[in-house]
Number of protein chains: 2
Amino acid sequence: MTSPRTGRSRRGKEALSRERIVGAAIELLDTAGESGLTFRALTERLATGSGAIYWHVANKGELLDAATDAVVAATLTPPVTRDPRDGIRAVALDLFEAIEKHPWLTTQLATQLSRTPWSSVTPRIFEAIGRQVRTLGVPESSWFTTTSALAHYILGAAGQNAANAGATEPGGNRDEFLDSVTDAWEKLDPDEYPFTRAVARQLRGHDDRAQFLAGIDLILAGIATLR
Amino acid sequence: MTSPRTGRSRRGKEALSRERIVGAAIELLDTAGESGLTFRALTERLATGSGAIYWHVANKGELLDAATDAVVAATLTPPVTRDPRDGIRAVALDLFEAIEKHPWLTTQLATQLSRTPWSSVTPRIFEAIGRQVRTLGVPESSWFTTTSALAHYILGAAGQNAANAGATEPGGNRDEFLDSVTDAWEKLDPDEYPFTRAVARQLRGHDDRAQFLAGIDLILAGIATLR
DNA sequence: ACCTGAACACCGTTCAAGT
DNA sequence: ACCTGAACACCGTTCAAGT
């Protein structure tokens, strides 16, 4: 006659689970940023104690990994397209948008790639890009090089872009922000930074997405020479 | 007749300075990793109080930025070569080796690039690569795209590589480590990860530096089509 | 098996006080 | 102007105790 032991409810509250914890972590990261994810904020949001979270998750690192993996897994759906080059562009844009929506992914993905043993997201990203590379007819000996180049460009450029988007003040618009970056770069020492100053002009009013895809096409052009 | 006010010495100890603090921070990062850099460890090493450090440096973030900038500035010396493609390879290898020597640069550079306003290292890297891009005869409208693609690949691939190198256990050799990664990848689900499993074989016994440079050449091949 | 919440060790930062 | 070091607020993690 005590409460049911189905595990589904506990005093009316929703039962705690790894999924619920990861979900709350993602919400916290999205709304409060990387520094906003603390076990104290998490316990408050989930109305529980810190020990309860540690029952489902080993530590904060594992929680961050799980949050990253969940978002990336939901993002990387198989592209439906005939041309593998369009497939690569689709994967790239999917990741671009995911990073735009969850800026904390930038740091997280960088640390995951530069860490061994590789977690589950590295093969995920590798597989999504690599399949298209294979379909493209790239010789097998170049698969690793090609896929790595694409992956690093996508993650790096998307992260840089998310920063630009995020830095736009709620009030001000995007062009004004780019102008301010351009101004800062144009104030650099002409002797030491001639190139950077020259390129600063191109920054003004440039289209993020187009710029990002132009980089993809540059690498695709390099790949085309491998056949 | 009190102590001299030259500021050069204080009770026999070397005077504290921003440079000494940054130097100690780099040593700490190199020997104890990112988590090893704490103000307490720093005060001990410099035989001072925490307040003294805060007199020269605003906060931990600024200290990390300064450490990163110091290492990158010392790394990026103008390459002495006629062929701009060799110049790009030289810059890439310089950064590759710097990251190998200071693995904490990976995270630091990723966060610096994906943050606004950009700190001093972003223009530094941009300038070093971009000058060679310009000399290469790339049309000005493609300068930003080209330089970004190279920068992101270099930073990403070098970071991934440093992780592999760092994961090699002191006792075991590098081939054994790569074997273990390969084994892990080959254990992935054949239905979900056919590409990653196939590419795992290439990982066994591959040459880091050669692989890294192959990626550079891939992008250079793409750049060549722009002319 | 799953959860509670106090306690611990550690961290970045501040600041009144010294020289 | 530059340094000392105690104090503060906050953090990840543990664990005896409960159900």
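Sequence lines set the chain letters: A, B, ... in the order given, protein chains first and strands last, and positions in each chain run from 1. Just so we're clear, the structure is a prediction, and the values are computed from it rather than from any experiment.
Atom CG in L46(A) sits about 14 Å away from atom C1' in dT4(C), given to the nearest Å. Atom CD in E44(B) sits about 14 Å away from atom C1' in dC10(C), given to the nearest Å. Atom C1' of nucleotide dG5(C) and atom CD1 of I53(A) are separated by 12 Å, given to the nearest angstrom. Atom CG in L42(A) sits about 16 Å away from atom C1' in dC10(D), given to the nearest Å. Taking atom CZ of R20(A) as the reference point, atom C1' of dC3(C) lies 13 Å away to the nearest angstrom. When the C1' atom of dT13(C) is taken as reference, atom CD of E62(B) falls 14 Å away, rounded to whole Å. For Y54(B) and dT14(C), the OH to P distance is 6 Å, given to the nearest whole Å. For the pair K60(B) NZ and dA9(D) P, the interatomic distance rounds to 21 Å; values are reported in whole Å.
When each of A58(B) and R40(A) is assigned the nucleotide of DNA chain C with its nearest heavy atom, R40(A) is the one assigned upstream, toward the 5' end. Mapping S17(A) and L37(B) onto DNA chain C via the closest heavy atom, the residue that lands nearer the 5' end is S17(A). Taking for each of F39(A) and A52(A) the nucleotide of DNA chain D with the nearest heavy atom, the 5'-most of the two is the partner of F39(A).
Nearest approach of I219(B) to A149(B), heavy atoms of both residues: CD1-O, 3.9 Å.
Residues S120(A) and D69(A) bring a donor and an acceptor atom of their side chains to less than 3.5 Å of each other.
Salt bridge annotation for E27(A)-R45(A): present, with a cationic side-chain nitrogen under 4.0 angstrom from a carboxylate oxygen.
Pairing partner, dC2(C): dG18(D), with both Watson-Crick or wobble hydrogen-bond distances short of 3.5 Å. Nucleotide dA9(D) forms a pair with no other nucleotide shown, judged by Watson-Crick or G-U wobble geometry with both contacts under 3.5 Å.
Open room surrounds CD on E44(B); 12 or fewer heavy atoms of other groups in view lie less than 6.0 Å from it.
Using bins of under 30°, 30° to 60° and over 60° for the plane-to-plane angle, the ring pair F212(A)/Y153(A) lands in the parallel bin.
An OP1 or OP2 oxygen of dC3(D) is reached within less than 4.0 angstrom by a side-chain nitrogen or oxygen of H56(B).
If you check dG12(C), dA6(D), dT14(D) against the side chain of S50(B), the one that comes closest is dA6(D). The W55(B) side chain lies nearest to dC3(D) when the options are dT4(D), dC3(D), dC3(C).
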